[in-house]
Amino acid sequence: EKNAYEKMYPASTTKLLTAILAIENCNLTDKVTITNEMVSKIPSGYTIANLQVGETLTVEQLLNTLLIPSANDSGYALAIHISGSIENFSKLMNEKANQIGCTNSNFTNPSGIHNENHYSTSKDMALIALYALKYPVIAEIGNTKLYSLPNIKGLTRNFETTNTLLKKEEKYFYEFATGLKTGFTQPAGSCIIATAKKDNMEFLVVVLGAPEATNEYNYRDMDCKTLFEYGFTNYENIIKLDNHFFNFFKNIIISENLIKTVFKISSIFAVLFFTYTVLNKKKLNNKSKKKFSEKENTNLDEFNFRCSFW
């Protein structure tokens, strides 16, 4: 971790929290009719899906345009559909963030449009992302490269992911990347919540406030790849070492039959030892009793230790 608790602007990574609330408060097949309020509040220069007033879309369609091209009007449409207003939805966002375990976040809108009072930390955004991944539909959409909405009023609405780690034609394509959500504003810098999977290992990386990408460098993606490779390389070695030790222990030291045999022998030994102690108790003088008691305690301690170890 580096600066995991520092307040940062999360930009469009915010949309993961909006997606969580959409899934928890709606059915994917629910219909949403687009209103003027849903599309008129998006500042100029922010990404939109060209939603048209009066058209009807499903919650699933809005989730796809929310997470794949990062359409801000889709976020506003979902928020107003769920809560009636952006203000009420923001309250719902903060309540949910608290439930998830976030301790240093405040959300004022569903899309991450810049606001001084809209902030989070990389730790909190990681908690939100991990919670979001409980829902397979979010993981699936986060790993989708292309999506389209039906054409309307002569508009062709084809979209592609903003996550360049997923795109083979990009310089920083990462073959193990599986998602999840990017973000960018000038104040927030370049942000990403990235996921990757290799064999049976999965990692999640949160990068906030990276320098804006240039034609030559994408620092956000470079950081992600470096962290993922470190994780896969080092944890793979630990897992292999653990497996070697387990197999050695299993094959050389213990087996199912051996455990049963040792348990039976130990049980018989315990019974015989207890019987011997009782039968000879009366024959021992005080001095002998003391010495025998010390010896008995030692043997029983060893016996207990070996049983728990096996």
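For this chain, numbers begin at 1 and follow the sequence in order.
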Just verifying a value: how many Å separate I192 CD1 and T182 OG1, rounded to the nearest 0.5 Å?
6.5 Å

Separation between OG (S105) and CG (L17), nearest 0.5 Å, reads 9.0 Å

I113 and side chain to side chain contact (heavy atoms under 4.5 Å, CB included): which single residue from T108, I86, T185, I42 fits?
I42

Please determine, by modelled atom types, if T121 and N104 share a side-chain donor-acceptor pair under 3.5 angstrom.
no

Under 6.0 Å from the six-membered ring centre of F203 and within 45° of its axis: does the NZ or CZ of K198 meet both?
no

Side chains of I141 and L66, heavy atoms from C-beta outward: is any pair under 4.5 Å?
no

For the residue pair T14 and S111, what are the closest heavy atoms and their distance?
CB-C, 4.2 Å

Taking all non-hydrogen atoms of both residues into account, name the closest pair between A210 and V207 and its distance.
CB-CG1, 4.0 Å

Group every Ile, Leu, Val, Met, Phe, Trp and Tyr by side-chain heavy-atom contacts under 4.5 Å, then state whether V39 and I48 land in the same group.
yes

Going by atom types only, do T56 and T33 share a side-chain donor-acceptor pair under 3.5 Å?
yes

Side-chain (N163) to main-chain (G179) donor-acceptor, under 3.5 angstrom:
yes

Taking every non-hydrogen atom, the tightest pair across G209 and C191
N-SG, 3.8 Å

Using 30° and 60° as the class boundaries, would you call the ring planes of H114 and Y9 parallel, tilted or perpendicular?
perpendicular

Value rounded to 0.5 Å, distance of OG in S90 from CG in N106
8.5 Å

List the steps and the verdict of side-chain contact (heavy atoms from CB on, under 4.5 Å) for N151 and T156.
CA-CA 5 Å; N151 297 339; T156 300; 3.9 Å; yes

Within-4.5 Å side-chain heavy-atom neighbours: L78 and L63:
yes

Indicate whether any N or O donor in one side chain lies under 3.5 Å from an N or O acceptor in the other, for T195 and T178.
yes

Does a side-chain heavy-atom distance below 4.5 Å link Y76 with N109?
yes

With side-chain contact (heavy atoms from CB on, under 4.5 Å) as the test, would you mind laying out the steps for K96 and Y131 before giving the verdict?
CA-CA 11 Å; K96 190 65 188 180; Y131 185 93; 2.8 Å; yes

Using 0.5 Å steps for rounding, measure from the NZ atom of K197 to the CG atom of N143.
11.0 Å

As an exercise, state the distance from CD1 of I20 to CG of L133, rounded to the nearest 0.5 Å.
8.5 Å

Taking M201's backbone N and O only, do any of them form a donor-acceptor pair with D199's side chain (distance below 3.5 Å, no angle check)?
no

Do F176 and F228 make the cut of ring centroids closer than 6.0 angstrom?
no

Check whether any side-chain heavy atom of L51 lies under 4.5 Å from a side-chain heavy atom of L149, and answer yes or no.
yes

Ion pair K41/E37, N-O distance below 4.0 Å:
yes

Contact between T103 and D124 at the side-chain level, heavy atoms closer than 4.5 Å - yes or no?
yes

Are any non-hydrogen side-chain atoms of F89 and I80 less than 4.5 angstrom apart?
no

Can you tell me if S148 and N158 form a side-chain donor-acceptor pair at under 3.5 Å?
yes

Classify the side-chain pair S70/T162 by whether it contains a donor and acceptor separated by less than 3.5 Å.
no

Count I, L, V, M, F, W, Y as connected when their side-chain heavy atoms are under 4.5 Å apart, and connections chain through other members. Are F232 and L204 then in the same cluster?
no

Enclosure of K31 NZ (heavy-atom neighbours >12, cutoff 6.0 Å)
no

CZ/F173: more than 12 non-hydrogen atoms of other groups inside 6.0 Å
yes

Following the transitive rule for hydrophobic clusters with a side-chain heavy-atom cut-off under 4.5 Å over Ile, Leu, Val, Met, Phe, Trp and Tyr, establish whether L166 and M222 coincide in one cluster.
no

Side-chain heavy atoms of T58 within contact of L28, under 4.5 Å:
no

Shared ILVMFWY cluster between F184 and L67, side chains joined below 4.5 angstrom?
no

I'd like to know if the side chain of N98 reaches the main chain of E95, judged simply by a donor and an acceptor atom lying under 3.5 Å from each other, with no hydrogens or angles considered.
no

Answer with yes or no whether the hydrophobic clustering places V206 together with Y119; edges join I, L, V, M, F, W, Y residues whose side-chain heavy atoms lie under 4.5 Å apart.
no

Rounded distance (nearest 0.5 Å) linking atom CD1 of I138 with atom NZ of K181:
12.0 Å

Heavy-atom closest contact (A129 atom, L180 atom, distance):
CB-CD2, 4.3 Å

For residues Q52 and R157, report the shortest heavy-atom separation together with the two atoms involved.
N-NH1, 4.4 Å

Could you walk me through whether T65 and F159 pass side-chain contact (heavy atoms from CB on, under 4.5 Å), step by step?
CA-CA 8 Å; T65 52; F159 309 105; 3.8 Å; yes

Using a strict threshold of under 4.0 Å (side-chain N to carboxylate O), is an ion pair present between K225 and E170?
no

When you look at NZ of K91, are more than 12 heavy atoms from neighbouring residues, nucleotides or ligands closer to it than 6.0 Å?
no

Report yes if some heavy atom in the side chain of M125 is under 4.5 Å from a heavy atom in the side chain of I193; otherwise report no.
yes

Nearest atoms (heavy-atom pairs only) where H118 meets G112:
NE2-CA, 3.8 Å

Whether the side chain of N3 engages the backbone of E6 through a donor-acceptor N/O pair (distance < 3.5 Å, no angle test) should be reported.
no

Under a 3.5 Å distance rule, please check whether K171 uses its side chain to pair with a backbone N or O of E216 as donor and acceptor.
yes

